[in-house]
Amino acid sequence: MNQFLRRLLFLPDQASTFALDVDRLHYFVILTTFAMSTGVGLTAIWFFIRYRRRSETQTTPHIEPKTWMEALFVAVPLMFFTGWFFLGYREFVRQYTPPIDSMDVYVMAKKWMWKFAYPDGPNSVNVLRVPAGQNMRLLMTSRDVIHSFYVPEFRVKMDVLPGRYTQIWFNATTPGRYQILCAEYCGAGHSIMRGEVIVLRPQEYEDWLASQRRGLLVSQQDGQPTGMDFVPPLGNLVEQGRRIAADQGCLKCHTTDGTRHIGPTWLDLYQRRERLSDGSVVLVDEAYLTESMMDPALKIVEGFQPVMPSFQGKLAGPEVAALVEYIKSLQSDAVRTGPSEGPAYAPIRGR
Amino acid sequence: MRLSEADSHALSGAPAAPNYLHDGTTVMSWLNTRDHKRVGIMFLVSVVFFFFVGGLFALLIRFKLLQPGPFFVDALSYNRMFTLHGIVMIFLFLIPAIPSAFGNFVLPLMIGARDVAFPRLNLASFYLYLGGALIAIWGIIHGGADTGWTFYAPYSTTTPTQVAPILIGVFVIGFSSILTGINFIVTVHTLRAPGLNWMRLPLFVWSTYATSIIQVLATPVLSITVALVTIERIGGFGIFDPARGGDPVLFQHMFWFYSHPAVYIMVLPPMGVISECVCAFSRKNPFGYKAIAFSSLGIAFVGFFTWGHHLFVAGQSVFVGGAFGLLSMFVGIFTAIKVFNWVGTMYRGAISFKTPFAYICGFLYFLVFGGMTGVALATTSLDIHWHDTYFVVAHFHFIMVGASVMAFLAALHYWFPKMFGKTYHEGWGLVAASLIILGFNATFIPQFLLGNFGMPRRYYQYPEHFQALNVASTAGATLLGFGFVLIVIYLGISLKWGSRAESNPWGSKGFEWLTASPPPTHNFDEIPTITQMPHDYRTHEPSGVIRVA
Amino acid sequence: MSHEAEAGLPPGILAHHFSSLARQNEAMRLGMWLFLATEILLFAGLFTGYSVYRFQFPEAFAECSRHLELTLGTVNTVVLITSSLTVALAIHFARTDSPRAAAFCLVLTLLLALGFLGIKAVEYSEHFRERSLPGKYYAFEAVKTPGAAMFFTLYFIMTGIHGLHVIAGMLVLSWILRRTLQGRYSSRYYTGLELGGLYWHLVDLVWIFLYPLLYLI
């Protein structure tokens with residue numbers, strides 16, 4: 001019955017612990033809707049046939065409903081509507097309350113990609129690997145505008161906001177690949193801002209994690225690497241940024257300890273107010289850092305020569321992001337030599 | 001009980017008696033009019049024009065969506081098209097259509113007044129509407145905005161497209177809406193004919209009154225919200241910028257505080273039209289007059305407290321979600337009351353299946369179905385899956401097109417003889433109605449299924465498995481478009497070459513039919529005294545004379 | 001038009017579609033109160049924004065508020081309240097058939113309004129000098145707490161929009177002044193003046209809420 005209705009209504013597969021309950025309420029509500037509107041429609045048709053005008057001078061009696069009739073037609077819908085509300089709200093609260101044993105993953109959305117980072121492990125762009133049967137909690141924030149994380153088969157969705165963290169949790173029941181769709185309009189790439197949740201059997205997931213730690217590219221059992229798969233070597237964004245900075249030669253001209261060199265030092269660069277050679281002042285943010293890498297001649301910091309080469313075409317998007325994250329981590333009162341540990345998030349239920 | 005002079009004229013084939021259409025035939029006499037009927041006609045022409053502009057955008061969107069990949073236009077153009085479709089349809093058509101076009105024409109007639117309370121303000125409303133529209137069009141010509149009609153920050157505050165002119169246009173049109181609302185409220189309070197107390201008001205007056213309350217109280221919040229976004233865009237500082245501590249969700253709260261009551265601005269006047277037409281074409285008293293009247297006020301009141309149901313997945317707390325979800329359930333009850341009463345009105349009536357009645361039938365089915373999917377959406381857990389998918393798109397089109405536009409067309413056909421003194425060909429009316437009802441179903445039912453399937457809104461490209469339903473929807477949209485074009489054609493022909501109508505071709509007991517069709521400029525030779533309930537069909541008089549005392 | 005002559009009024013006051021002057025006055029008053037309601041809701045949106053951010057950044061807001069010129073703000077409040085008094089006096093004089101006194105009070109109101117704007121201009125120029133400006137322009141050395149820029153964003157937007165309403169009110173009152181000098185208002189009819197005064201009272205009322213929230217917290 002469930003599968004019949006699910007297919008009839010074009011609902012996707014039920015691949016999370018939420019999906020079946022959500023769908024059951026869906027069936028109840030939609031079938032009642034059909035019944036009501038058909039009922040009203042048929043009644044109207046019946047009345048038209050039965051009470052059609054028979055002459056131009058026909059008059060009609062003055063009829064008013066009995067109070068009990070009005071009361072009935074208020075009470076019955078009210079009962080249904082509030083019933084649906086309470087059934088739905090129970091499920092809603094459940095979806096909003098991650099269990100204590102959830103595994104966390106950090107999600108960063110930006111135009112137009114999804115970045116995932118495990119607190120103690122690898123990170124990836126556009127692909128999220130999770131073990132089946134495990135409660136997963138996603139802690140999400142956006143780098144720019146509002147996005148929304150949506151996996152139809154899991155029946156989960158939550159907006160991803162700039163300047164704040166939102167959370168969502170799910171428990172994927174069936175191994176497979178499920179699309180992540182962005183569900184809040186965010187510009188030209190909104191409809192291609194897609195990702196993939198790859199639900200692995202628990203053992204496969206462990207294998208994959210282990211191979212990540214050993215630095216291998218992709219676990220064999222996983223099958224074909226997806227087109228969107230980008231699994232950099234061990235570490236997270238800041239660590240990658242440090243490596244890229246060394247590889248690409250940035251550290252030849254930019255120091256990280258405050259000393260003035262060929263280019264401005266990166267220590268405390270982020271959120272600094274830099275004075276430019278034309279006298280104007282610019283606030284160093286992600287956009288400025290990115291622009292400086294792509295078109296360094298555009299804004300020259302006062303007191304420095306315009307000798308920086310452009311990295312347009314030499315750095316891929318994720319690499320630029322990693323560099324920016326690295327520069328952001330270089331704050332004089334929080335200099336760490338190890339990898340960044342991600343944001344602190346309020347514990348749930350005293351965990 | 002003799003025929004009025006106007007009817008003797010009509011039936012004898014003599015030229016029409018002097019009426020508001022003849023009272024000054026220069027362009028200036030129209031542009032500078034104080035006559036509410038002329039202002040109504042000017043609004044009618046404008047909103048119909050903008051309906052087709054918005055409809056053109058819709059057809060372009062649906063054409064693009066035939067293919068899942070890049071096709072016909074690029075992503076940026078597509079994003080602008082759906083934004084402009086929404087803005088034009090909502091602000092330039094739906095919000096003003098029935099109140100400012102038909103309300104302006106019919107409301108003073110229905111209460112036995114010679115004009116609205118502030119005729120010059122009425123004309124100002126029209127020019128504000130036109131001015132705002134022109135500013136928005138200027139923005140459209142220069143590329144237009146790509147934010148969606150909901151303008152969510154921080155995308156709307158940072159995108160480089162022409163958002164500011166569109167917002168300024170919306171701001172100006174907002175004032176048109178506010179002034180119309182003030183005008184109608186004051187008119188109903190102070191210009192009723194002798195004997196016309198509140199419990200004898202025609203039902204269209206009740207719903208227009210409730211709508212006006214919403215227009216007056218909700219629109220200013222939209223005004224300040226778009227002003228803040230405009231300031232943030234032009235001035236570079238604002239309260240929604242997350243980098244300075246701003247909260248983008250605050251924008252959503254402020255925006256929807258107006259925009260949810262706005263949907264009741266878009267649906268209450270249509271409900272009033274349906275009340276009038278159900279009574280007229282069933283030739284029957286309204287089943288529960290007080291229920292219908294007070295439920296209009298109920299919708300207006302409760303509708304102000306439900307805006308948060310647009311923010312169920314916006315990152316708010318569960319309690320906020322719960323509160324708004326429960327309140328949203330209550331607002332559906334008032335519509336249920338109305339549906340019960342409209343169907344009850346048909347019981348033991350004398351129903352004549354004319355074109356307006358065909359639209360009533362479409363309205364009833366679409367309102368119940370669409371309204372109940374609204375209740376379904378308010379069921380918080382279900383909304384998580386449906387939010388920002390085509391399910392929501394289908395839901396609101398069922399109400400905005402399936403209900404509001406059907407009622408607009410019903411009003412257009414019902415009051416066509418009143419406004420222009422001409423009749424239209426009934427056969428073509430029914431053909432167009434059938435095309436529209438069929439085309440509508442074919443367009444939007446696939447969209448409910450697309451939403452279930454998981455297709456998000458505002459998607460330029462989409463995963464291939466959504467294609468079949470998209471193609472079906474586009475086919476329906478084409479049929480729908482044909483239906484609308486057909487209406488313009490036969491009504492246009494009727495305007496020029498249609499036969500002259502009698503004063504009251506429907507035999508309706510609405511008070512606006514007490515005077516000639518078209519009415520003279522001063523509306524009534526003598527202001528009638530009303531001593532009985534409206535829509536009273538226990539007796540029958542020949543067309544043209546209605547006993548009111 | 002005949003019933004207009006019966007009322008003994010100057011021409012052009014009673015509109016043809018109203019059955020009596022009393023009805024018309026009732027309509028005008030109701031219309032103005034409805035319009036005032038829209039203005040209140042407009043500012044309510046701003047006050048909501050203020051509340052949200054005040055709750056989020058309490059220290060920054062308190063600190064910034066201390067750096068506003070309390071003396072100037074208080075003087076402005078007195079100026080505006082006095083202007084409400086003068087406009088009420090103008091209505092009183094019109095109602096008691098002293099149009100010259102009414103006109104004089106209106107001129108006083110306009111002067112006080114101008115004074116209000118002048119003091120505001122002084123305050124604004126001070127903010128420009130010390131760089132306590134909204135949003136990304138904020139460079140005020142004295143307060144660096146997060147959220148300070150937001151305070152000044154709200155300060156400028158709220159006082160700016162209020163200032164626009166002061167100017168609008170001055171235009172309305174100037175128009176009313178012209179009509180008073182033309183002898184339009186008397187004990188028989190002074191509704192237009194009354195409504196202009198009502199609008200001015202609203203402008204004053206908004207300031208009475210703005211002042212404590214911005215200057216006194």
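Each chain gets a letter, A, B and so on, in the order the sequences are listed, and its residues count up from 1.
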| message | Counting only heavy atoms not in A/Q3 (residues, nucleotides, ligands), do more than 12 fall under 6.0 Å from its CD? | response |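 Result for CD/A/Q3: enclosed.
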
Rounded to the nearest 0.5 Å, how far apart are [atom1] of [X] and [atom2] of [Y]?
| X | Y | atom1 | atom2 | value |
| --- | --- | --- | --- | --- |
| B/S381 | A/F85 | OG | CZ | 10.0 Å |
| B/I384 | A/K157 | CD1 | NZ | 8.5 Å |
| A/T82 | B/M329 | OG1 | CE | 8.0 Å |
| B/F340 | A/L72 | CZ | CG | 8.0 Å |
| B/F251 | A/I146 | CZ | CD1 | 9.0 Å |
| A/L78 | B/I333 | CG | CD1 | 4.0 Å |

Should [X] and [Y] count as side-chain neighbours, where that means a heavy-atom distance under 4.5 Å?
| X | Y | result |
| --- | --- | --- |
| B/S282 | A/Y51 | no |
| A/L181 | B/P463 | yes |
| A/R194 | B/Q461 | yes |

Under 6.0 Å between ring centres: does that hold for [X] and [Y]?
| X | Y | answer |
| --- | --- | --- |
| B/Y459 | A/H190 | yes |
| B/F369 | A/F34 | yes |
| B/F82 | A/Y185 | yes |

Is it true that a side-chain atom of [X] and a backbone atom of [Y] form a donor plus acceptor pair closer than 3.5 Å?
| X | Y | result |
| --- | --- | --- |
| B/N452 | A/F10 | no |
| A/T60 | B/R283 | yes |
| B/N285 | A/I63 | yes |

When heavy-atom pairs shorter than 4.5 Å are enumerated against chain B, which of [options] gives the highest number?
| options | value |
| --- | --- |
| A/S142, A/P77, A/A19, A/G88 | A/G88 |
| A/M36, A/R164, A/E184 | A/E184 |
| A/Q95, A/E91, A/E70 | A/E70 |
| A/A44, A/P65, A/A188, A/G189 | A/P65 |

For the residue pair [X] and [Y], what are the closest heavy atoms and their distance?
| X | Y | result |
| --- | --- | --- |
| B/Y155 | A/K111 | CE1-NZ, 4.0 Å |
| B/P456 | A/A183 | CB-CA, 4.4 Å |
| A/F81 | B/M372 | CE2-CE, 4.3 Å |
| B/S352 | A/R53 | CB-CZ, 3.4 Å |
| B/V343 | A/V40 | CG2-CG1, 4.0 Å |
| A/V93 | B/V318 | CA-CG1, 4.0 Å |

| Result of checking A/D23, A/L11, A/V151 against B/H385 for side-chain contact (heavy atoms from CB on, under 4.5 Å) |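 Considering A/D23, A/L11, A/V151, a side-chain contact (heavy atoms from CB on, under 4.5 Å) with B/H385 is found only for A/L11.
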
| message | Which label fits A/F47 and B/Y347: parallel for a plane angle under 30°, tilted from 30 to 60°, or perpendicular past 60°? | response |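 Tilted: the ring planes of A/F47 and B/Y347 meet at 30° to 60°.
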
